[in-house]
Amino acid sequence: MTKAISVAGLHKSFGRTHALDGLDLDVETGEVHGFLGPNGAGKSTTIRVLLGLLRADSGAARLLGRDPWHDAVELHRRIAYVPGDVTLWRNLAGGEVIDLYGRLRGGLDKARRADLVARFELDPTKKGRTYSKGNRQKVALVAAFASDVDLLILDEPTSGLDPLMEEVFQSCVAEARDRGRTVLLSSHILSEVETLCDRVSIIRKGRTVETGSLADLRHLTRTSVTAELAGPPNGLAHLPGVHDLDVQGRRVKLQVDTDKLDAVLRSLTESGVRSLTSTPPTLEELFLRHYADEVTGR
Amino acid sequence: MSALAGTGTLGRLALRRDRLMTPLWAVVVGGLAASGVGSLATLYDTAAKRAEMAASMNANSSMRSLYGPVFSDSVGGLAAWRFGTFTAVLAAVMSLIIVVRHTREEEETGRQEMLSAGMVGRRAPLTAALLAALVANAAVALIVTAGLAGQGAGGALALGLAVGGTGMLFATTAAIAAQLTESARLAKGLTAAVLGLAFGLRAAGDAGTAGGSSVLTWLSPIGWAENVRAFAGERWWVLLLIALAVAVQAAVAYGLAGRRDVGMSFLPARPGPAEGRIATVGGLAWRLQRGGLLGWSAGFLVAGLAFGGMADGAAELVGDNERARQIFERMGGQAGLSNAFLATMAGLFGMIGSLYVVGSVLRLHGEETSQRAEPLLASAVGRLRWAAGHLAIAFGGAVVIMLLAGTGLAVSYGRDFGPIVGACLVQLPATWVLGGLAVLLWGAMPKAAVAAWGVAGLALALGWIGPALDLPRSVLDLSPFGHLPKLPGGAMEWPPTLVLAGVTVALVGVGLAALRRRDLTT
C-alpha cells in the first residue's frame, strides 16, 4: 500500500527566511499521525505545500501517491482541510458554508452531516459574522468529517473548542480512523496527540528531528529515576547514559537514557533499595527537550 | 481543464455573497443615465435649444474637461455626453470593488486557503471574480441600453457597451493589482489611482482639443468610452479596442496568478521595526490613516496644478457666446469666467473631498466590525478617546487636502493666491457636514453606517449633474454644497458657512453621544 504522505528533503524559502530546510515526513495509510513543533517551525508551511498552495523550492512530496502541486485539483477531491483559524463570510449561514465545502470536495454524507451538526451542537442557520471562534471552528470540522475523503489534514483544529467539544472531536478522529481514513494532525495539545496518534513527527526550524511511534520515541529518550538507598551510592557517575545526577546523602535523583536502564538498576540494587520511582518521559517532556535545545541553541 | 475546476461553484458563491451589493450598484449606476434622459428631453425640448447648448458647451474647455465634448445635439447625444463619462467611472469603481473582494480580499482573510484546499483550480478564483464583475457590468449595460433605447437603439446599445466595457477594463486592471499587492486595500488604491490617471488624461486632452481627438484622450480608457460616440455615428470599432485591452490585461493577470503562491504577492510586504513606537490610540489612528491621507494630498495637489492652468483658456473660449456665458455663470460663478471656472473647480474638490472625510470616519466602523476595536476598548481607552484620533484625522485631513488643492490651483493660475485658497477652504463646512453625518450614522445606527457613502455620492451627483439639468433650487439645496457662497468672484457669506459648521458640530456631538450608549457591534 502506498504511503498517504511521503515528503523528503523539502525546502521552501520566503526571501531570506528558510521556512523548510530539508523536512522529511512519512504518513502511512490509515494512521493518525501527530505533527508537532514550536511556533514558526514550519508546520503550516508544510501543510500548505501538501495542499498545493505553495510550491516547494526543492525536495520530493507525494500525497496519496501523486504530486500535490500538479495534481492539486484531483487530489483535493480526496482531502479535507481544517485550518487553525477559520474565517467565514459575514453574510453566509454556517450550513451554506458546510455544503459549499462539501461540493468542493468529493461530496458530503448527508446523514453524517446531520449527526455531526447535532454532536457538535452547531446551529447551522446562523450567519458567519455571528459565530464565535469555537463555532467557526465547528463549521469547518463538520464540513471536514462529513466529507467523503481519504485524508484529513487538520492544522491545530481544536483551538477555541471547549473540553466537551474537544471530546467530540477526538471521537470523530477515532471514527475516521475506523473507517480507514488517514489523518495528519498538527496540534499543540499534547494530551490530544498522545490519545489519538499512532505515530508522531516532531519538527524544528524546518527539519524533522524525531519521528516514530510514541513507544519508539520514549525508548530513545531518558527516564527519570528517584531512589532512596540503604547505603551510599557507588559508581553511578561513571555509568554510560546517566545525566543530571543529584546525590544528597542516600537520596539519588538522575535521568538515564532508557536503553541504559539495566546498568543503573544493577548499581542501585548493590547499594540496597528502600524506595524507587521511575517515570517514563511524557510527550510533553519529549517536546520540551527539543524546544529547550532551540532556546539554549544546542 | 483542471485549472478552472470549481469555477462554477466559486462563481455561485460570489453571486450569493453579492446578492444585495451588485443589484444595488447596477440600478444606481445604470439608472443614472436612464432616469436623467427624461429631464434632458424636457429641459431642451427644441432642436434650436439643444444646438445652442451643445455649441456653448463645446466652446468651453472647462466643461469639456469635466464631461468631454458633445458629439451630437440630439437628446440621446446630450444624455451620452452628460452621463457617459460619469457612469463609466462609476462602473469602473464597482468593478474594482467586486474583483478585489473576490480575489485578494479572500486571500488576505485566509478564506482562500480553505477554498483552495478543495477541488479548485489555480485559475478558478480569478475567473469567478471576473465572471461576477461581468454579470454586474452586463446588468449596468442592459439598464443603460434599455433606458435610452427610446432615443435610438443603436446609440443606446453603443453607450451601454461602452460603459460596461469600461467597467470590465478596470475589472481586469484590478485583477492585475490583486496579484501585485498583498493587501486588498492597496490593490483597490492602486486600481483607483490608475482610474484617476485615466480620468485626468481624458480631462486634460478634452480641455486642450475640441472633438475628442486629442492624443491624451486616446491614451485614456475613459477617453475610449467617450470616443465610441454613442448617438453620433457610433464608432463600433472602438469597442473592439476596449475588448482587446480587457483580453490583454486578463492574460497578464492570469500569467501573474499562475506564477505565485497563494497568499503571496509580487510586491511583498517589507518587514517592520522590531520595537514599536506607537504609544496611544491617537498614534495608532495616525499610523493606520497616514498612507491614505498622503495619497489624497498628492492627488489633490496634482489635480489643482492641472486644473489651475486651464482657467484662462476657459474664459477665452467662451468669450463671445452670450448664451454660454449665462449657462456657465449659472453653473458656478457670478462675475468673470475664470472665476466661475475656479469656483466650479473649488466646489468639485469640496465634493470629492467629502469622500475622503466619509471614508476616514468609516475607518472607525471598519475597526469595530472587524473586531480590532474590541481589544483596544478593553484596555484603558475610552470610546471617545479612541474615536477622537480617527475623527481628528478625518476632519483635519480635509483641511490639509483642500489647502493643497487651493495651493495647486493658485500656483498654476499664477495670481489671486488668497482668494483661490479661500474658495477651497470655504468648501470645508459642507465637506464636514457629510463627515458629521457619517459620524451620526455610525454612532447611532452602526448597521446603516455605510449609507454615508450613498449620501456623499448623491451630493456629488447633484453638484456634477444637477446644474445643467436646471433642477429646482429646492432639490439642489438638498446638498450642503448648494448653500455655499460662490468664490472666488462672489461675495463671502458668513451665515450659511457658520450654520453648516454648527450643523457639523451637532451631528458629531449627537453621534458620539449615541456611541457612548450603544453596544459595540460584534
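Naming: A, B, ... by sequence-line order, numbering from 1 per chain.
- Between Glu368(B) and Arg383(B) no salt bridge is recorded (no basic side-chain N to carboxylate O distance below 4.0 Å).
- The contact between Leu88(A) and chain B is made entirely by backbone atoms, counting heavy-atom distances below 4.5 Å.
- Residues of residues 105-114 of chain A lying under 4.5 angstrom from chain B, judged on non-hydrogen atoms, are Arg105(A), Gly106(A) in numerical order.
- If you tally non-hydrogen atom pairs under 4.5 Å between each of Leu54(A), Ile79(A), Leu51(A), Val149(A) and chain B, the highest count goes to Leu54(A).
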Side chain to side chain donor-acceptor pair (under 3.5 Å) evaluation trace for Thr208(A) with Asp24(A): CA-CA 6 Å; Thr208(A) 311; Asp24(A) 305 312; 5.0 Å; no
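- Of the atoms belonging to Leu53(A), heavy atoms from both backbone and side chain fall under 4.5 Å from chain B.
- Within the 4.5 angstrom heavy-atom criterion, only side-chain atoms of Tyr101(A), from C-beta onward, approach chain B.
- The closest side-chain heavy-atom distance from Gln137(A) to Thr158(A) is not below 4.5 Å.
- Side-chain contact between Thr182(A) and His33(A) is absent, with no heavy-atom pair separated by less than 4.5 Å.
- Heavy atoms of other residues, nucleotides or ligands lying less than 6.0 angstrom from CZ of Arg372(B) number more than 12.
- Taking the ring centre of Trp442(B) as origin, the terminal cationic atom of Arg518(B) falls inside the region bounded by 6.0 Å and 45° from the ring axis.
- Of the two parts of Ala140(A), the backbone and the side chain both hold a non-hydrogen atom closer than 4.5 Å to a non-hydrogen atom of chain B.
- Between Asp261(B) and Arg48(A), no side-chain nitrogen of the basic residue sits less than 4.0 Å from a carboxylate oxygen of the acidic one, so the salt-bridge criterion is not met.
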